[in-house]
Engineer: 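Below you'll find the structure I mean.
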Amino acid sequence: MKNKTEVNKNGASLMYHPPKSIVKNAHIRNYEKTYEESIKDPEAFWAKEAEKLKWYKKWQQVLDDSDKPFYKWFTGGKINIIGNAIDRHLETHRRNKLAMIWEGEPGDVVTLSYHALNREVSKFANVLKSMGVKKGEIVTIYMPQIPELPIAMLACAKIGAMHSVVYGGFSVEALAGRIGDANSRVLVTADGGWRRGKITELKSIANEAMDRSPTIEVCITVKRTKQEVHMENDRDFWYHDLMSLPIASPRCETEVLDAEDPLFILFTSGTTGKPKGLVHSHGGYSVYTSSTHRNVFDIKDEDRWWCAADPGWITGHSYLVYGPLINGATIMMYEGAPNHPYPNRWWSMIEKYGITILYTSPTAIRGLMRFGEQWPRRHDLSSLRLLGSVGEPINPEAWRWYHEVIGGGNCPIMDTWWQTETGGMMIAPVPVTPLKPGSATRPLFGIEVAIVDDNAEEVGPGEEGKLVIKTPWPGMARTIFGDPDRFKETYWKEYEKQGWYKAGDSARIDEDGYIWIIGRIDDVIKVSGYRLGTAEVESALVSHPDVSEAAAIALPHEVKGNAIHTYVILKAGATSSKKLEEELRKHVSDEMGPIARPETVHFVESLPKTRSGKIMRRVLKARSLGVDEGDLSTLED
Ligand code: WT7
């Protein structure tokens, strides 16, 4: 692979060709041919993919587009994602195959075969039922990265309840808001988790959030760290106590559901206002996550798959839990920090467990790269055959390090572009695709994208434009929970005439048809690959008694990709100081979670605004970067 590099037409980047060993055995041997067929008749393509799954009753219609943009897939079909992620494997050689290898930060290990996973999931499903959990109800899950997290998700799905996983790094405000939006009656949490040698305070945050959440009746807590936590008599139960009761039988029927029945909601940040709960469904999501996972990562029975994302984000939902389990893979999961106790932690686990595919974010790669090559060099990483990247554009320097040092120069890197809303990967190579570092390459099967200007006309090669998706796909979010109008407004209004989905990203397309994602064009910030809204950071700041107005922007950061910088107008009587600056940074972190902690807080007298009073963040950004401020005609003064 190394010897076959070439400079592309504009001389800007090298083209990396896949090694012969990969090409020879790949599920998809000819991207172009498969793509063209899929686009010519997408419904036939998706029907073929859906036939690989277990349906209790076959669908009548592949795509029902009678109520755009509320597309329905596989209508009339009966399915449950658990029928595919667990049940059907029990009838095959996979019954005794490892479904999961989990390592805790302190070094404890849990392994579960598909048989054992089924028992745990069934037991917990029965526990949930005994707590009165019903089909369609939303259970909120707030947990560290321990096996009980996927078990709780799968148990909800099995009985037709929906889950709403709230990332374990979020704080009280974020958790309480999401519990409230979901009207959750049941919360599943843990007494804490291990992170960098320390115990996180999950249960006390959960307790505070529950104090603000009148809907919660039951809280089930996994004992992970054994630290002292406050439990309330009528509300709190220990997970292991419930799991040892006779009601926790290991036999539980999987609920037969309609293809369009909702599987989960997952909150994500948007341009304005509060985070929105995107809804994904059993049928389309099962088909889409398993199909993309199989094609992009060429998954084989002997693979050991490690998606290093937290299950609290869509990457964890689609490619740590659902997609790989549907494909009968062995999944790896790790609880803690990549550099604990030393920066070789990940590399030692790859060697120890013989991981064959690693899927992670550019931020994680940059973070580990900082410690130097000596850490990975101490380990035999030759079990790896493919690598993956997701969450933000990967800079060529990190790409090359990942490729050379981790992949030994012969593991193609699948740079995958997608979103919480898309449910699964949309623009990504398959293993036979020649790669250009920094490009997610081309759209996947059945996916039609375009990059357009302000008049919705496709831009020429090399020109920047807005990324749109032209046709529906089975993994797409069905709606925003409780707010279908906002779903229409946010994603479908701008291109209503064309019927396109607005991705919110800007991108370029080169002469070879390769797509280069530039970044968000709205007020969404990607910090370390995590998605946050400027509006959320600003509202956290103004919730401090000294703050009158606030603006948040993203500026480039070497490891995090972007970092949050804020501008604050104080209330009369409050005075700026280093101490207050520190206090405000902590305040945002306490309200939202450590990932939202601003890099800087600048005290200012005024903020640049439009005449209609909207903060012009791009002006703040241009000033900080010392670049041209652009068109200022709408600036108030
Ligand atoms: C936004 C979506 C999809 C799972 C994790 C993120 C950015 C995502 C890439 C990539 C460049 C990327 C986009 C997108 N993004 N993957 N491979 N190259 N940018 O999901 O939190 O919903 O964020 O992440 O800006 O819009 P998300």
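Each ligand, and each atom within it, is numbered from 1 in the order the structure gives. Predicted, not measured: the structure shown is a model, and the values here were computed from it.
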Engineer: Going by the rule ring-ring contact (aromatic ring centres under 6.0 Å, His included), which residues pair with Trp306 if we only count those two or more places apart in sequence or in a different chain?
Structural biologist: Trp346
Engineer: Hey, do the aromatic rings of Tyr514 and Trp417 have their centres closer than 6.0 Å?
Structural biologist: no
Engineer: Counting only heavy atoms and a distance below 4.0 Å, can you name the residues contacting ligand 1?
Structural biologist: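 For ligand 1, the contacting residues are Ile314, Thr315, Val390, Gly391, Glu392, Pro393, Asp415, Thr416, Trp417, Trp418, Gln419, Thr420, Asp505, Ile517, Arg520, Lys526, Arg531.
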Engineer: Flag this pair as yes if the NZ/CZ of Arg178 is under 6.0 angstrom from the six-membered ring centre of Tyr142 and inside a 45 degree cone about the axis; otherwise no.
Structural biologist: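 Verdict for Tyr142: no cation-pi partner in Arg178.
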Engineer: If you measure from OH on Tyr530 to CD1 on Ile525, what distance do you get to the nearest 0.5 Å?
Structural biologist: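 Between Tyr530 OH and Ile525 CD1, I get 15.5 Å after rounding to 0.5 Å.
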Engineer: Taking only residues two or more places apart in sequence or in another chain, which ones pass ring-ring contact (aromatic ring centres under 6.0 Å, His included) with Tyr491?
Structural biologist: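 By the ring-ring contact (aromatic ring centres under 6.0 Å, His included) rule, Tyr491 matches Phe487, Tyr501.
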Engineer: Residues in ring-ring contact (aromatic ring centres under 6.0 Å, His included) with Phe481, at least two apart?
Structural biologist: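 Scan of Phe481 (ring-ring contact (aromatic ring centres under 6.0 Å, His included), adjacent residues dropped) gives none.
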